[in-house]
There are 2 protein chains.
Amino acid sequence: MSDNLAEDQSMIYREKGYRCGIDVTLAVVGGKWKSSILWHLAQETMRFSDLQRQFSDTTRKMLTQQLRELEADGMVHRKVYPQVPPKVEYSLTEKGRSIHPILEQMCAWGKAFVGE
Amino acid sequence: MSDNLAEDQSMIYREKGYRCGIDVTLAVVGGKWKSSILWHLAQETMRFSDLQRQFSDTTRKMLTQQLRELEADGMVHRKVYPQVPPKVEYSLTEKGRSIHPILEQMCAWGKAFVGE
DNA sequence: TTTTACGGTTCCCAAAGGGGTACTACGTTC
DNA sequence: GAACGTAGTACCCCTTTGGGAACCGTAAAA
């Protein structure tokens with residue numbers, strides 16, 4: 001299912017103690033910013049600075065951290081352009097795109113929950 | 001949508017800082033045992049001791065905690081029988097049942113993720 | 001020569017979440 | 001009179017997660 005090394009190095013494979021598929025899914029999208037990142041990247045490839053602008057209420061550090069974990073899980077692809085100043089583009093992998101229907105349903109359910 | 005007080009006292013309404021429906025959904029099912037509890041209660045109403053047997057790798061305290069939060073969010077219904085020794089039955093509310101399709105998809109996605 | 005842009009990393013700290021052990025209530029049974 | 005069974009609660013601890021502030025490297029621009 002994976003065509004590169006990402007799956008072998010995936011956090012989720014190193015992580016112990018998940019009991020079913022739901023736990024796995026939560027581990028992948030459960031971080032504070034992960035679902036939002038996946039959501040925005042579904043619309044368009046973004047540079048790191050674009051993401052910073054989009055998530056102005058968090059820090060570079062948190063963004064980097066969440067992106068690295070998503071990358072380790074094979075959800076996003078990180079493309080570095082060897083230039084100065086640096087340019088790094090983030091986009092969804094096939095796996096990253098595959099979770100979008102679930103995110104949409106979670107979004108709808110959550111909105112219904114708070115009564116919109 | 002709610003026919004009792006649970007919604008007004010819901011944790012999720014007291015909780016600040018969720019940015020979209022996805023955050024709300026994650027807040028409701030994101031606890032370590034919550035999704036599993038919802039999953040099992042979808043099959044059958046269970047007594048507290050049934051849940052203890054089912055989740056033998058956690059403690060009474062954690063179970064109680066997660067159940068109380070799910071109850072506060074209007075996901076499960078707690079029925080106390082006034083007898084000794086105590087008897088308490090947990091079942092899903094309509095709202096609790098409504099999230100089952102999402103849990104099923106999360107389960108399937110997670111299994112696919114780890115490559116089963 | 002200093003500043004700017006970009007995409008980070010390091011160190012340290014606070015809050016949240018999860019968990020273990022012991023204690024409780026009380027009617028029934030031994 | 002002691003033990004049992006159910007469904008908890010109280011107190012304390014540890015780990016994980018999130019976050020803030022400062023620092024870094026390099027080439028081009030001012």
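We name chains A, B, ... by the order of the sequence lines, and we start the count at 1 in each one.
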Exercise for the section: May I have the distance from B/Y81 (atom OH) to C/dC26 (atom P), rounded to whole angstrom? Expected result: 22 Å
Exercise for the section: Ignoring hydrogens and angles, answer whether the base of C/dG19 and the side-chain atoms of B/K61 contain a donor-acceptor pair closer than 3.5 Å. Expected result: yes
Exercise for the section: Look at the side-chain N and O atoms of B/R53 and state whether any lies under 4.0 Å from the OP1 or OP2 oxygen of D/dT6. Expected result: no
Exercise for the section: Check every atom of C/dG8, D/dA7, C/dG27 against the side chain of A/T64 and return the nucleotide holding the closest atom. Expected result: C/dG8
Exercise for the section: Establish, with yes or no, whether the OP1 or OP2 oxygen of D/dG19 is under 4.0 angstrom from a side-chain nitrogen or oxygen of A/K32. Expected result: yes
Completion exercise
In whole angstroms, the gap separating C1' of D/dG8 from NZ of B/K79 amounts to 20 Å
Exercise for the section: Applying side chain to side chain contact (heavy atoms under 4.5 Å, CB included), run through A/I37 and A/Y90 and close with a yes or a no. Expected result: CA-CA 10 Å; A/I37 289 171; A/Y90 290 93; over 6 Å; no
Practice task
Write down the distance between CD (B/Q83) and C1' (D/dT6), rounded to a whole number of angstrom.
Solution key: 10 Å
Completion exercise
By nearest-heavy-atom nucleotide on DNA chain D, the more 5' of A/P86 and A/T58 is A/T58
Handout entry: d(CD, B/Q52; P, C/dG19) in whole Å
Key = 15 Å
Exercise for the section: For C/dG17, take OP1 and OP2 only and decide whether either is under 4.0 Å from a side-chain N or O of B/W33. Expected result: no
Exercise for the section: Examine D/dT6: is either OP1 or OP2 under 4.0 Å from a nitrogen or oxygen in the side chain of B/R60? Give yes or no. Expected result: no
Fill in the blank from the handout: Atom CD of A/Q65 and atom P of C/dG7 are separated, to the nearest Å, by 18 Å
Handout entry: Any B/R19 side-chain heavy atom under 4.5 Å of A/D57 side chain
Key = yes
Exercise for the section: Output yes when at least one side-chain N/O atom of B/R47 is less than 4.0 Å from OP1 or OP2 of D/dA7, else no. Expected result: yes
Handout entry: Rounded distance in Å - CG (A/L67) to P (D/dG18)
Key = 13 Å
Practice task
With the side chain counted from C-beta on, respond yes when A/Y18 and A/L26 share a heavy-atom pair under 4.5 Å apart, and no when they do not.
Solution key: no
Exercise for the section: Measure up the B/H40 and B/F55 rings against each other and bin them: parallel (under 30°), tilted (30 to 60°), perpendicular (over 60°). Expected result: perpendicular
Fill in the blank from the handout: Checking C/dG8, D/dA27, D/dT9 against the side chain of A/V88 (C-beta onward), the nearest is C/dG8
Practice task
Go through the steps for B/D50 and B/R47 under the test salt bridge (Lys or Arg N to Asp or Glu O under 4.0 Å), then give the verdict.
Solution key: CA-CA 5 Å; B/D50 295 330; B/R47 293 187 56 173; 5.6 Å; no
Problem - Sugar-phosphate, base or nothing in reach of B/Q66, heavy atoms under 4.0 Å - result: sugar-phosphate
Exercise for the section: Rounded off to whole Å, could you give me the CE-to-P distance for the B/M62 and D/dC13 pair? Expected result: 19 Å
Problem - Toward the 5' end of DNA chain C, by each residue's nearest nucleotide, A/S49 or B/T59 - result: A/S49
Problem - Nearest-Å distance for atom pair CZ/P, residues A/F48 and D/dG25 - result: 18 Å
Problem - Step-by-step side chain to side chain contact (heavy atoms under 4.5 Å, CB included) determination, A/R78 to A/V88 - result: CA-CA 7 Å; A/R78 177 167 176 268; A/V88 179; 3.7 Å; yes
Practice task
By nearest nucleotide on DNA chain D, pick out whichever of B/V80 and A/P85 is the more 5' one.
Solution key: B/V80
Practice task
Mind checking A/Y90 for me? I need base, sugar-phosphate or nothing, with any heavy atom below 4.0 Å counting as a touch.
Solution key: sugar-phosphate
